[in-house]
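The basis for the numbers below is simple: all heavy atoms, side chains too, and nothing from hydrogens, waters or symmetry mates.
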Amino acid sequence: MTHPLALKVADAVADLLADPDTAPVNPRTTITHRQQLAYGPPGIALLHIERAASGIGPWQRAHDWLAVAARQPFTSGDDSHPFYGAPGLAHTVACAAEHLPGPYQRALDTLDAQIATDIRRRLGAAHRRLDAKLLPQLAEFDAIRGLTGYGAYLLHRNPGSDAVRTILDYCVRLTEPITDCGDVLPGWWTASGPSGRPDEKFPGGHANNGVAHGIASVLALLALAARHGTVVDRHHDAVRTILAWQDRWRLDTDRGPTWPYWVTRAELRAGRLAPCAPRRPSWCYGTAGLARARQLAALALGDVRRQIEAENALTSALTDPLQLKATTDNGLCHGTAGLAHVAARMAADAHPSTARALRATIPALLTAIYPPGTDPREAALTMVQDEEAGPGFLNGAAGIALALQTPATAVPPRSAWDACLLIA
C-alpha cells in the first residue's frame, strides 16, 4: 500500500523546511518557539531525522535545525517539561543519536543528567502529594507536561533502568482511589478543568481520559513498559484499574464504542454521562489515542478479546461520518494525519481478524487530506505558512509530513520520533 501524492506532499514540506535560514516561516518558529518541541526547531528537526534515517533526506538538514535550537541555553528545572526546554530537545537529540551517536552523545549525556535531576524532584513532590492524600494536577502526570512524558523518554532511552521503574511505581500509586468531599475518586482526579486551571464549568474538577493530558497516557506507559519486559509491583493491577474505569464510562453507539474526553463530578455522582455531540476521534483525547492505549494494554496482558475490541473501536471511529466530520484539521495531535498514523501503528500490531479492516481505513484518510489533483508544493506551502498551525510538529506541517510517511508506505518509522506520543 502506497499513497504517492501524500509522499510528494511530505517531500515538498521537507524541501520547504530544508534550511532554517531560508524556510518561509514566521520568526516565531525560531525565536519565540525555539524551545518548543511542539512548534519550534526541535520538532522540525524530527522530520529531517526520520527522513535521513530512512535514507530519503540528508542529515545536514537535521543538523541545521538542531543548531538553531541550541544557539542559546535551554530551560531546565521547574520551567521545563517533556515538550518544552531541555527535555523536549533531548527527545530530538536522542532520535538522532540512535543513528549518529558520535556528534550527539556528549550533548545527550548533559541533557540526561539534567533530566534525571528534574525527574527526581518531580517524583519527590508527587509522592509527598500522594502521602498527603491530595488531588494531583494534570501537569504532574500527563504526557505533555508531566511524569508519563518523562517516562516515555526514559523508556526509549533505557527501558530496563531504575529510573523507568521509579516512574512506573509512581504510576501504580496514581491509580489508587482517593476520597474528596465524601466522593471516592480515581487517583488521577484533578480539581481543575481540562486546561489545568480552575474552571467554573468543572465544579469539583474532573477525571481526564485522554492521552495528551489524561489517564490514557499512564495506561500507555505501563503497557509499553510491560511489552519491554519492565514491570513493577502491582503493575498489571494498575493496568486493569484503568481499563475498568474506561470500561465503566464507555459509550456504546450504533457506530461502535466511544469514550468521553473527561468525566465531571456531576456525572460521577449521577453514574451517567451528560449528552454530547460526536467528537473527533483524535490522538490527544479521542478514540484513536484511547484505542491504541487499550490495544497496547491488551497486548501486554495477553488479552486477545480486549485487543480485538480496541482495534474494532478504531475501525468503527474511522468509518463513522459524524466523527470524521468533527475532525476539522489535518494535524498530528487532533487531525486526520494523526488518525492515519495511529491507524498504521495499530494495524501493524493488530490481530489477524481485524488487521485488514483497520488497514482499509487508511487510504480514505490520506485521500481526504490530499484529494487527487492536489499540487504538492502548493499544499506544502499552505501548510508551512498557516498562521494558526504553523510549520511545527504537534499541529503543523512537520508533524503532518511525519505522520504521512508510515500510513503512505506501510513501513514503520526508522527513528523513535513518535515515542513522545506514547503510541510506540
Item to check | Pair Gln105-Asp109, side-chain donor/acceptor within less than 3.5 Å | outcome: yes
Checklist entry - Excluding sequence neighbours, so at least two apart, what forms ring-ring contact (aromatic ring centres under 6.0 Å, His included) with Trp245? => result Trp188, Trp249
Next on the checklist: Test of understanding: with ring-ring contact (aromatic ring centres under 6.0 Å, His included), list the residues that count as partners of His33, not counting sequence neighbours.
Outcome noted: Tyr39
Checklist entry - If you look at every heavy atom in Leu123 and Ile167, which pair is closest and at what distance? => result CD1-CG1, 4.2 Å
Next on the checklist: Between His63 and Tyr104, is the ring centroid distance below 6.0 Å?
Outcome noted: yes
Next on the checklist: Tell me whether the rings of Phe202 and Trp262 are parallel (<30°), tilted (30 to 60°) or perpendicular (>60°).
Outcome noted: perpendicular
Item to check | side-chain hydrogen bond (donor to acceptor under 3.5 Å, both in side chains) pairs, two or more places apart, involving residues 40-50 | outcome: Glu50-Ser54, Glu50-Ser415
Checklist outcome for this item: Nearest heavy-atom contact between Leu138 and Gly193 is CD1-O, 3.9 Å
Checklist entry - So does Gln114 have more than 12 non-hydrogen atoms from other groups sitting under 6.0 Å from CD? => result yes
Checklist entry - Who pairs with Tyr170 by ring-ring contact (aromatic ring centres under 6.0 Å, His included), at least two apart in sequence or on another chain? => result none
Next on the checklist: Taking salt bridge (charged side-chain N to carboxylate O under 4.0 Å, His left out) as the cut-off, I'd like each qualifying pair that reaches into residues 57-69, sequence neighbours left out, listed once.
Outcome noted: Asp15-Arg61
Next on the checklist: Pair Asp303, Arg240 - check salt bridge (Lys or Arg N to Asp or Glu O under 4.0 Å), show working.
Outcome noted: CA-CA 11 Å; Asp303 188 337; Arg240 292 188 178 96; over 6 Å; no
Checklist entry - For Ser76 and Ala86, which heavy atoms make the closest approach, and how far apart are they? => result CB-CB, 4.2 Å
Item to check | Pairs meeting criterion ring-ring contact (aromatic ring centres under 6.0 Å, His included) with involvement of residues 345-387, two or more places apart | outcome: none
